[in-house]
Amino acid sequence: MSLLSALASRMVTLRSDLPVVEVDVASERLRSATTLLAATLSASSAPSPALLLASATSHLDAAAGALGRAGDELSRYLASVGVVPIASSSVVTAGSCPWADRVDVLTGLVGVARPAVDDRLSVSAVLVSAVRAASRVDRVALRRSLVVAPSSVGFALGARTAGYLGVVAPAPLREGGLALLPRLLPGLPAPDGAALVSQALRLPGDPVSAHPADVAAVGVVLVSAVLSMTGASIEDL
């Protein structure tokens with residue numbers, strides 16, 4: 001076996017050993033435990049660690065996304081030097097990354113073929129595309145805009161949407177956002193949606209431990225409501 005072949009074999013082994021699934025499972029377990037703990041302590045006067053645990057969950061989600069991208073980069077490198085062929089496809093169905101899989105659940109389109117991730121996309125580009133789809137109340141287009149985002153871009157999307165929510169009074173914006181959620185994000189339980197909207201608008205509400213995709217998608221819906229209420233243009237984002 002040549003040195004190049006031996007190195008390639010080692011890299012393939014490293015690619016398969018990346019603990020993407022394990023980290024994703026740990027994230028889901030922590031999310032479930034956080035939700036249960038928040039519910040248990042809701043009637044208690046003790047301070048709840050829900051926000052801290054939610055932050056830890058977000059870090060785990062980000063780690064899973066980073067591991068997935070690292071594996072993809074290894075595969076691309078091996079393909080570029082002609083050692084290992086890489087399958088190219090314009091659509092996938094599931095399992096490509098925790099971010100896109102969660103978007104499928106939120107939009108109620110699990111198992112439907114989706115576009116492949118586009119690593120060239122920026123947070124701004126994804127935000128504009130997703131908000132445009134939400135403004136049309138086009139659930140399929142919203143899902144398409146979000147699933148093509150690299151995980152790192154998706155995880156940053158929620159923070160970006162937060163910067164556009166202060167231009168409208170929170171109460172009417174909450175009402176407008178809640179009216180859109182069932183139509184655009186049917187896979188998001190109503191109590192979680194209400195809690196996430198309140199959290200985004202800094203209104204009193206129940207604590208919630210949410211996947212970053214939940215936060216981002218709700219943020220996109222709220223931004224679309226802002227545009228509708230103010231008459232602002234999508235190009236202003």
Side-chain angles (χ1 to χ4, degrees), residues 20-21 23-25 27-28 31-32 35 54 57-69 71-72 89-162 177-178 180-190 192-197 199-200 208-225 237:
V20 179
V21 175
V23 173
D24 195 30
V25 169
S27 177
E28 289 297 331
R31 184 175 295 107
S32 298
T35 301
T57 305
S58 295
H59 284 305
L60 279 174
D61 288 327
L67 285 170
R69 294 195 70 188
D72 291 342
S89 173
S90 60
V91 296
V92 293
T93 54
S96 60
C97 70
W99 163 262
D101 291 344
R102 181 58 184 169
V103 170
D104 284 353
V105 172
L106 292 173
T107 55
L109 295 168
V110 174
V112 178
R114 67 188 182 219
V117 173
D118 186 347
D119 290 327
R120 299 168 298 177
L121 291 174
S122 66
V123 176
S124 294
V126 173
L127 176 62
V128 168
S129 177
V131 171
R132 183 178 287 120
S135 296
R136 300 194 308 268
V137 197
D138 188 335
R139 177 168 56 96
V140 174
L142 174 61
R143 182 251 197 170
R144 182 169 59 247
S145 297
L146 294 175
V147 296
V148 297
S151 295
S152 57
V153 169
F155 293 146
L157 189 59
R160 179 65 66 87
T161 63
L178 289 177
L180 289 170
L181 288 185
R183 301 172 66 186
L184 289 168
L185 304 174
L188 180 65
D192 291 350
L196 285 170
V197 167
Q199 179 176 290
V208 59
S209 175
H211 192 284
D214 298 26
V215 176
V218 169
V220 164
V221 171
L222 287 173
V223 172
S224 74
L237 296 180

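- In this structure, His211 and Phe155 have tilted ring planes: the angle between them lies in the 30° to 60° band.
- Partners of Ser124 according to the side-chain hydrogen bond (donor to acceptor under 3.5 Å, both in side chains) rule, which considers only residues two or more places apart in sequence or in another chain, are Arg160.
- Applying the side chain to side chain contact (heavy atoms under 4.5 Å, CB included) test to Ala125 and every residue at least two apart in sequence or in another chain returns Leu121, Ser122.
- When all heavy atoms of Pro115 and Arg144 are compared, the closest pair comes out as CG-CG, 3.6 Å.
- Listed for the Arg143 side chain is no donor-acceptor partner under 3.5 Å among the backbone atoms of Thr107.
- Residue Val153 forms a side chain to side chain contact (heavy atoms under 4.5 Å, CB included) with just one option from Leu127, Val148, Val123, and that option is Val123.
- Scanning both residues, Leu142 and Ala130, for their nearest heavy atoms gives CD1-O, 3.6 Å.
- A salt bridge is defined here as a Lys NZ or Arg NE, NH1 or NH2 lying under 4.0 Å from an Asp or Glu carboxylate O, and Arg114 with Asp101 meets this definition.
- Remark: Arg132 pairs with Val128, Arg136, Ile234, Glu235 by the side chain to side chain contact (heavy atoms under 4.5 Å, CB included) rule, at least two apart or across chains.
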Pair Asp138-Leu184, side chain to side chain contact (heavy atoms under 4.5 Å, CB included): steps then yes or no: CA-CA 7 Å; Asp138 188 335; Leu184 289 168; 5.9 Å; no

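- With sequence neighbours left out, Pro189 forms a side chain to side chain contact (heavy atoms under 4.5 Å, CB included) with Pro191, Asp192.
- The closest donor-acceptor contact from the side chain of Trp99 to the backbone of Leu146 lies under 3.5 Å.
- By the side chain to side chain contact (heavy atoms under 4.5 Å, CB included) test, Ala194 pairs with Arg174, Leu178, sequence neighbours left out.
- Applying the salt bridge (Lys or Arg N to Asp or Glu O under 4.0 Å) rule to pairs touching residues 146-157 yields nothing, sequence neighbours excluded.
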Result block: side-chain N/O donor-acceptor pairs under 3.5 angstrom for residues 213-222, not counting sequence neighbours:
{"from": "Asp214", "atom 1": "OD1", "to": "Arg102", "atom 2": "NE", "distance (Å)": "2.7"}
{"from": "Asp214", "atom 1": "OD1", "to": "Arg102", "atom 2": "NH2", "distance (Å)": "3.4"}
{"from": "Asp214", "atom 1": "OD2", "to": "Arg102", "atom 2": "NH2", "distance (Å)": "2.8"}

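- Remark: Ser129 engages Ser145 in a side-chain hydrogen bond (donor to acceptor under 3.5 Å, both in side chains) (not counting sequence neighbours).
- Listed by chain and residue number, nothing satisfies the salt bridge (Lys or Arg N to Asp or Glu O under 4.0 Å) test with Arg183 (two or more places apart in sequence, or in another chain).
- Applying the side-chain hydrogen bond (donor to acceptor under 3.5 Å, both in side chains) test to Ser224 and every residue at least two apart in sequence or in another chain returns nothing.
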Does the pair Asp119 and Val117 meet the rule for a side chain to side chain contact (heavy atoms under 4.5 Å, CB included), with working shown? CA-CA 6 Å; Asp119 290 327; Val117 173; 3.7 Å; yes

